[in-house]
Amino acid sequence: MSEEKSLNFLEEIIENDIAAGINNGRIHTRFPPEPNGYLHIGHASSICLNFGLAKKYNGLCNLRFDDTNPSTEETEYVDSIKADVRWLGFEWANELYASDYFEQLYNFAVKLIQKGVAYVDDSSAEEMAAQKGDIGKPGINSIFRERSIAENLLLFADMRAGKYPDGAKVLRAKIDMTHPNLLLRDPIIYRIKHVAHHRTGNKWCIYPMYDFAHGQSDSIEEITHSICTLEFIHHRPLYDWFIQQLEIFPSHQYEFARRSVSYMITSKRKLLQLVNEKHVTGWDDPRMPTISGMRRRGYPAVAIRQFCDTIGVAKRENLVDIGVLEFCVREQLNKTANRVMAVLDPVKVIITNYPDGQTEQLIADNNTEDEHAGTRLLPFGKELWIERDDFMEEPAKKFFRLGPGLSVRLKHAYIIKCDSFEKDENGTITEIHCTYMPDSKSGSDTSGIHVKGVIHWVSAIHAHQAEVRIYDRLFTVEDPANAEGDFKDHINAASMHVLPRVMIEPSLSKAAIGAHFQFMRKGYFCVDTDSTENKIVFNQTVGLKDSFAKEMKK
RNA sequence: AGUCCGAUGGUGUAAUGGUAACACUACAGAUUUUGAUUCUGUCAUUCUAGGUUCGAACCCUGGUCGGACUACCA
């Protein structure tokens, strides 16, 4: 009964708050993306946290789009974000938009003016920057700081009415130009932008700054625990100041360290660059760390959730080994993916003592890890395709596969022995000649022969062809965001290999888009969205562990 | 320079004043009709100097190191 799992620091805060009766034990979180890009693995972490916490403590979690900058935001992104959150397995209590609060936010600003703690400033961006001071050096007051309340009210109304061009005026909070926290040196809270908004159209020509929208949006929604990443820690005093001045619901913000994963990049700006400059085929390129990319690559949602859970949450910087993510993916797929046979790099095997033209149907289990997975029929014949690297002309030590005089088990089928082989003028093996042991058939083996190696194969006359895309990490360095030079200098030029002529067993030819398989002894693969009626395309999701390859490297 | 945040095996996370643990990785072995899976084992950890205490990863003080902050972005 006492399967006590330790709490992370946020759970601890929440449990303490519940125990103290704060908000009567009500828990309400939110996931607040800006719709200016696709969600990535870092967002997945935040989604799992916010939705997960709400679920664990019988609370609610909103999906709120922080859409305060119309220049960068688009409906396409809204749609993709909703799809990704749902695919990850979460459903929001309310779908909300900061833009829904524009009128209320405007009134909040008016209230600050009336209280004498906000003013309209005509200074240019350069002037304000100059007056701001510096780290460790106090700023100086703007000459517009002491305008009368009446004048500020009038000016702000005129800003809304569109009487001024972009950049002519801003509304600022009047706090303290000498504050050690730069964010409290009279921050801008409204700016003029004659730009259409993806939801409000041309209704507004002034837009609140993120800092004047985010905290109040949380407050309006009565979010109890407003969870965000560490870089917003300096903003908290500002949000608290607004809440206090406006006398509205006191949401509390808590910050955690964003999760970095090795060989990945999670800057929306940089990801957008990869897309725009065609280093990848799109936001959902299977090499991208986006949720849509990982989905297309074949990572199961449950694996991503498990990953987020495994790496936990804390406040220190981190760089999580991508191997942990791959482990979670393999662990899920091992339980769920049906086993099939596909030969990625084919070489012909001819079984000389097998009758010409004969075929037989073998029974193959789909997944021994899943007792409900069932079996399928697998055709066998005289000519087979096997993997080129399952044959060695001069077998290495401990090579348990095919080579002159060596015997091997064909999975689900017979034991064969290699008698001879043929090469072309380049030294490439073209054909391998074997004999099979008729009494060694899987399931009814009476041969008494024991072989150590088992290889996969596909019957040549029954084989279908497929394109398979093999992926490697997108970057060559562990931490591309912090590596020397531009992050694009570290793009892995060989991050994708296309195998145009892979031999697949016939059962695979009608697999549905998105279906997961284990290609035995090779890895996990899924059917790509590029597949058509006549051509099926597979993505390699992740390879199998390969202790033999590791051994050979030594 | 100022303010704030952080520091536990190679990596990530626990231990909340009482034997430093779990996962991944690495390594070794067992099982295996996937060199997969599974199972067993091994290596390896509290930034530093003081203080409080019977007892400190934990509390206090100083230091060191790392990070964040100076957009009409979020």
Side-chain angles (χ1 to χ4, degrees), chain A residues 5-8 12 32-34 36-37 66-69 71-73 121 123-125 128-129 132-139 166-172 179-185 187-193 206-207 209-211 213-214 228-237 255 257 259 262 268-269 310-328 330-331 334-335 339 341 368-369 398-401 408-413 415 440 442-443 445 450-456 518-523 543-552:
Chain A
K5 212 196 157 206
S6 57
L7 303 178
N8 65 47
E12 224 167 274
E34 185 194 12
N36 67 344
D66 275 341
D67 52 353
T68 54
N69 183 4
S71 328
T72 60
E73 293 152 9
D121 195 329
S123 305
S124 68
M128 278 194 280
K132 181 133 195 169
D134 210 334
I135 290 172
K137 202 180 83 199
D166 288 6
K169 287 179 165 48
V170 293
L171 184 69
R172 293 228 252 171
H179 199 104
N181 182 343
L182 290 294
L183 290 166
L184 295 178
R185 317 242 261 231
I188 295 170
I189 59 182
Y190 261 94
R191 78 285 217 189
I192 300 169
K193 252 182 193 286
I206 58 171
Y207 293 95
M209 297 291 289
Y210 173 83
D211 276 345
H214 182 80
C228 68
T229 46
L230 238 34
E231 70 266 30
F232 292 104
I233 198 163
H234 302 92
H235 298 240
R236 184 175 2 119
E255 306 86 9
R259 321 318 315 258
S262 61
K268 275 201 258 185
R269 202 193 91 249
T310 299
I311 63 176
V313 59
K315 296 184 75 165
R316 64 178 130 161
E317 286 168 29
N318 57 81
L319 184 62
V320 182
D321 194 325
I322 195 171
V324 179
L325 213 204
E326 293 176 342
F327 171 84
C328 294
R330 285 196 194 96
E331 186 168 63
N334 177 50
K335 289 188 273 197
R339 273 60 170 168
M341 296 203 282
T368 50
E369 303 287 323
K398 293 209 261 184
F399 183 74
F400 307 133
R401 308 174 193 176
V408 78
R409 157 79 62 186
L410 295 172
K411 181 71 188 176
H412 301 306
I415 294 173
S440 66
S442 284
D445 184 354
H450 177 75
V451 291
K452 179 117 179 149
V454 179
I455 63 172
H456 61 281
Q518 184 197 96
F519 289 1
M520 289 199 110
R521 303 207 306 131
K522 282 292 158 188
L544 254 26
K545 281 214 263 179
D546 190 347
S547 58
F548 175 71
K550 199 185 277 180
E551 182 75 22
M552 293 307 277

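On a predicted model such as this, the values are computed, not experimentally measured, just so you know. Order of the sequence lines fixes the chain letters, A, B, ..., with proteins taken first and strands second; residue numbering starts at 1 for each chain.
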Which part of the nucleic acid, if any, lies within contact of A:Ser123, taking any heavy atom under 4.0 Å across all strands shown: a base, the sugar-phosphate backbone alone, or nothing?
-> base

What is the nucleic acid contact for A:Ile135, judged by heavy atoms within less than 4.0 Å: base, sugar-phosphate only, or nothing?
-> base

Give one of base, sugar-phosphate or nothing for A:Arg330, where a contact means two heavy atoms less than 4.0 Å apart.
-> nothing

Using atom types as modelled and distance alone, determine if a side-chain donor or acceptor of A:Arg330 lies under 3.5 Å from a backbone N or O of A:Asn334.
-> no

Could you please name the partner base of B:A68, counting Watson-Crick and G-U wobble pairs only when both distances are under 3.5 Å?
-> B:U3

Counterpart base for B:U61, defined by Watson-Crick or G-U wobble contacts under 3.5 Å = B:A49

Indicate, with a heavy-atom threshold strictly under 4.0 Å, whether A:Phe327 touches base, sugar-phosphate, or nothing.
-> sugar-phosphate

Does A:Thr72 use its side chain to pair, donor to acceptor, with the backbone of A:Asn36 at less than 3.5 Å?
-> no

Under 3.5 Å, is there a donor-acceptor pair between the A:His234 and A:Asn181 side chains?
-> no

Any idea which of B:G35, B:U37, B:U3 is nearest the A:His234 side chain?
-> B:U3

So what does A:His412 touch, heavy atoms closer than 4.0 Å: a base, only the sugar-phosphate, or nothing?
-> base

Would you mind reading off the distance between A:Arg316 atom CZ and B:A14 atom P, rounded to a whole angstrom?
-> 7 Å

